[in-house]
Amino acid sequence: MNALVALCHFCELHGPRTLFCTEALHPPSPSPSQHGVRVRIFNPPPSTPISTPFPPQGCRSLPASHPGFVSIDDETGIRFLSHQHPRQSQLFSVVRQACVRSLSCEVCPGREGPIFFGDEQHGFVFSHTFFIKDSLARGFQRWYSIVMVAMDRIYLINSWPFLLRHLRLTIQSLQSTALKVFDNEQGVCPQRAVRMNSVFSPAVYPHQRSGSAARSLTSLTQHPNLWASLHSSFSWLLKACGSRLTEKLLEGAPTEDTLVLKERQTEQEEEISCWEGGEGVSSRLQLNRLERELGDFPCDKGQGVEFPGPHFRSLRHLRLVLGAPEFRQLVWHVLMGNQVIWRGADPGLIQSAFTVLKALLPVGCVRLIPYSAQYEEAYRCNFLGLSPDVTIPAHVSSSEFSVLVDVANTEKSCQYSAVSEDDIASMYQFINSSANVQPTDKGPTLLNKLEVALSNENLSVEVVSHCLLCLKEEWMNKVKVLFKFSKVDGRGREDTQKVLAVLGATGPGEDDNVRLLKFWMTGLSKTYKSHLMTAVRGLLAKKRNLT
C-alpha cells in the first residue's frame with residue numbers, strides 16, 4: 001500500500017507540527033546503513049537509546065543528526081523508514097497540509113476520534129485526534145493526532161475499521177503511560193494550586209513557565225525508546241494494511257474459451273462414466289483410449305508446459321526457426337481451418353509446435369491428435385502429429401485444405417549432447433508442402449497485425465502474447481455479430497456484406513477474413529448459440545402476442 005503514517009502535535013508556540021513520520025520505500029533502495037539503525041518489524045522494539053541529546057521541545061522528535069530508523073520486510077524487500085519528516089519535498093508538503101488540517105479545521109465532535117478528509121491533488125487522510133495529559137500545559141493536556149495519508153481513497157475507506165482498531169491501541173498506550181507521569185507530577189507539585197496563587201499575564205505566559213510549553217512527548221511519557229517503539233508500530237501498520245486487502249480482476253460474462261472448456265469437460269465426464277459402466281478388459285481398453293484422445297482437448301494454451309529435449313518456446317521462436325515465408329504460410333493454414341500435419345520422430349518437438357500454434361485459435365476450433373501411428377481424417381482433427389513412417393493418403397497430399405511439415409533429422413541431431421537444446425534449426429530440417437497455390441501475401445487482417453507484432457523486436461514475448469489475446473477477442477466478437485446476423489436472423493447476402501464492411505472485414509484480404517470468420521464460427525460454444533436462439537424465440541413470441 002502506497003501510504004505513510006505520521007504523528008502530529010499542536011504546539012502552543014508554533015501551531016501544528018509533524019513529529020514523526022514513517023514511509024515505505026519499495027526496492028531497489030539504498031542499503032540500511034545509509035539511512036539509519038536497522039530494526040526488525042516483528043522483533044520487540046530495540047532497547048538502544050537515542051544517543052544524541054536534544055532539548056525537550058514539543059516540536060521535535062529526533063535531532064537532525066539522528067539517522068532515523070529502518071525496518072526491512074524480508075518477504076517483499078520493502079524498507080520502512082522513519083524520521084521527523086518525509087525524505088521527498090513533495091511528500092513533506094502533503095504531510096504538512098494533512099497535519100494542519102487534522103489539528104485545526106478538520107475536527108470531529110468532541111475533538112477526539114477518527115475523521116476522513118482529502119482530495120485527489122493532496123491525497124486522502126485518515127486522522128485520529130487525541131489528548132495527552134501534561135501537568136504543565138494549559139488545560140493540563142496536549143493535542144495530538146495520528147494521520148495516514150494515501151492517494152487511494154477507496155482503499156483507505158475500506159481500511160477504516162482496521163486502522164481505527166489498531167491506532168486506538170497505540171493511542172491508549174501513549175495516554176496510559178502519560179497519565180502515570182501526570183499523576184506522579186501532580187502528587188509532587190499540584191499545578192492547579194500553583195497557578196491559582198500566581199499572577200497571570202497572557203503576553204508573558206509561556207516565558208513565566210520557562211519554556212515548559214514546548215515539552216516533548218518523550219518527557220510526557222518517560223519512555224526512553226518511544227520513537228523506536230512508534231517506528232515498529234507504524235511499520236507493522238503499513239505492512240499489515242497493505243497486505244490485508246488485495247486487488248482482483250472481476251470479469252463479466254465468461255469468455256467463449258471458458259464456456260467451451262466447461263462443455264468439453266462435461267462431455268468427457270459423461271463419456272467416461274458411460275465407459276466405466278461396462279465390464280471386461282475390452283471396456284477398460286476402450287476407456288483408456290477415450291481418455292487419451294479426450295485428454296488433450298481442454299488444453300487451450302499449454303503455457304508453461306515443458307517437454308523433454310528441444311522444443312518451441314513461442315510464436316516468435318517458431319517464426320525464427322521456420323523462416324518468415326514458411327511461418328506465414330503455416331499460420332495462414334491454421335487460421336483458415338485447414339489440417340496442419342507435422343511428421344517426425346520427435347513427439348515432444350511436434351507437440352510443442354502444436355502448443356504454440358493452438359494459441360492462434362479459439363479453444364472451440366482446436367481438434368488435436370498430438371502423435372499418431374496412422375493418418376486421421378480432417379473431420380477428426382485440424383492438428384495432427386505423425387510418426388515419420390506414416391504415409392499421407394493421396395487425396396490429402398493433393399488437397400489445398402492441408403499443409404504438411406516434415407521434420408527431418410540432420411547430422412548434428414545425432415550429436416545431441418554437443419548441441420544446445422534451443423538450437424533447433426541446426427538439429428532439424430523443416431520442409432513445408434501444400435497443394436494450395438493461392439497467394440497468402442495479403443492474408444487475413446489478424447495475420448498481418450500478428451506479423452507486425454512478431455517482427456517488432458522491441459516487444460517482448462509476453463507483450464506479443466497479450467497482443468494476440470486482444471486480437472482473438474476482437475475477432476471473436478466479430479464472429480458473434482456475424483453469427484447473430486446471418487445464422488440467427490437469416491439476413492441475405494447483401495445485408496451480410498454491409499455487416500462485414502462495418503466489422504472491418506472487407507478490403508485487402510477480404511476472402512481470407514470471411515473464411516476466418518466462418519471457421520471461427522464453428523468454435524462458438526453451445527451455450528452461446530442456445531442463448532441466442534432462446535432470446536430470438538422469446539422476441540418472436542412477444543411480437544406475436546402484441547399483434
Side-chain angles (χ1 to χ4, degrees), residues 1-9 18-52 54 60-88 90-92 94-95 98-99 123 125-128 144-152 155-156 159 162-174 177 216-218 221 223-246:
M1 181 180 181
N2 293 323
L4 55 85
V5 186
L7 173 67
C8 307
H9 163 57
T18 303
L19 287 181
F20 196 70
C21 179
T22 301
E23 57 182 316
L25 302 179
H26 295 266
S29 59
S31 60
S33 59
Q34 296 179 2
H35 288 303
V37 183
R38 175 172 176 146
V39 181
R40 291 284 181 180
I41 298 176
F42 303 106
N43 291 346
S47 58
T48 305
I50 298 173
S51 57
T52 306
F54 58 94
R60 287 209 63 87
S61 56
L62 303 178
S65 59
H66 194 282
F69 301 96
V70 172
S71 291
I72 302 176
D73 183 4
D74 292 331
E75 297 178 359
T76 61
I78 297 176
R79 288 170 166 81
F80 299 94
L81 173 65
S82 294
H83 210 278
Q84 177 150 354
H85 301 291
R87 302 193 325 160
Q88 300 180 12
Q90 184 179 4
L91 291 179
F92 176 86
V94 170
V95 174
C99 171
V125 182
F126 175 89
S127 171
H128 196 300
Y144 290 85
S145 70
I146 297 178
V147 297
M148 174 172 275
V149 185
M151 299 304 296
D152 194 336
Y155 204 119
L156 204 56
S159 301
F162 174 83
L163 294 174
L164 182 60
R165 181 169 63 254
H166 290 281
L167 286 181
R168 276 179 174 172
L169 294 176
T170 303
I171 292 171
Q172 290 171 1
S173 176
L174 291 173
T177 306
S216 69
L217 185 60
T218 306
T221 58
H223 193 317
N225 301 313
L226 173 66
W227 306 118
S229 178
L230 284 177
H231 164 76
S232 297
S233 177
F234 289 170
S235 299
W236 179 89
L237 186 66
L238 286 174
K239 173 179 170 58
C241 192
S243 60
R244 62 179 294 269
L245 295 178
T246 57

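In this text, all values refer to a predicted model and were calculated from it rather than measured experimentally.
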Practice prompt. Write down the atom of Ala3, the atom of Met148, and the distance for their closest heavy-atom approach.
Written response: CB-CG, 4.2 Å
Fill in: Minimum-distance pair of heavy atoms, taken over all atoms of Val95 and Pro86
CG2-CG, 3.8 Å
Discussion item. Between Trp227 and Phe69 (judged by ring centroids, cut-off 6.0 Å), do the two rings come close enough to count as a pair?
Written reply: no
Item to complete: Examine His166 together with Trp236 and report whether their ring centres are nearer than 6.0 Å.
Response: yes
Worksheet entry | Straight-line distance of Leu238 CG to Ile78 CD1, nearest 0.5 Å | 9.5 Å
Worksheet item: Shortest non-hydrogen contact from Val147 to Ala98?
Response: CG1-O, 4.4 Å
Practice prompt. Specify whether His85 and Phe92 have parallel, tilted or perpendicular ring planes, treating 30° as the upper limit for parallel and 60° as the lower limit for perpendicular.
Written response: perpendicular
Worksheet item: If you look at every heavy atom in Leu217 and Leu7, which pair is closest and at what distance?
Response: CD2-CD2, 3.7 Å
Worksheet item: Which heavy atom in Ser61 sits nearest to a heavy atom in Phe20, and how many Å separate them?
Response: OG-CD1, 4.0 Å
Discussion item. With rounding to the nearest 0.5 angstrom, report the CZ to CG distance, Phe80 to Leu4.
Written reply: 12.0 Å
Fill in: Between Ser71 and His231, a side-chain donor and acceptor under 3.5 Å
yes
Worksheet item: Rounded to the nearest 0.5 Å, what separation is found between the OG atom of Ser235 and the CD atom of Glu23?
Response: 10.5 Å
Item to complete: Could you grab the distance from atom OG1 of Thr221 to atom CG of Leu226, nearest 0.5 Å is fine?
Response: 4.5 Å
Discussion item. What's the separation between atom CG in Leu164 and atom CD1 in Ile171, rounded to the nearest 0.5 Å?
Written reply: 8.5 Å
Worksheet entry | Nearest non-hydrogen partners of Leu62 and Gly68, listed with the distance | CD1-CA, 4.0 Å
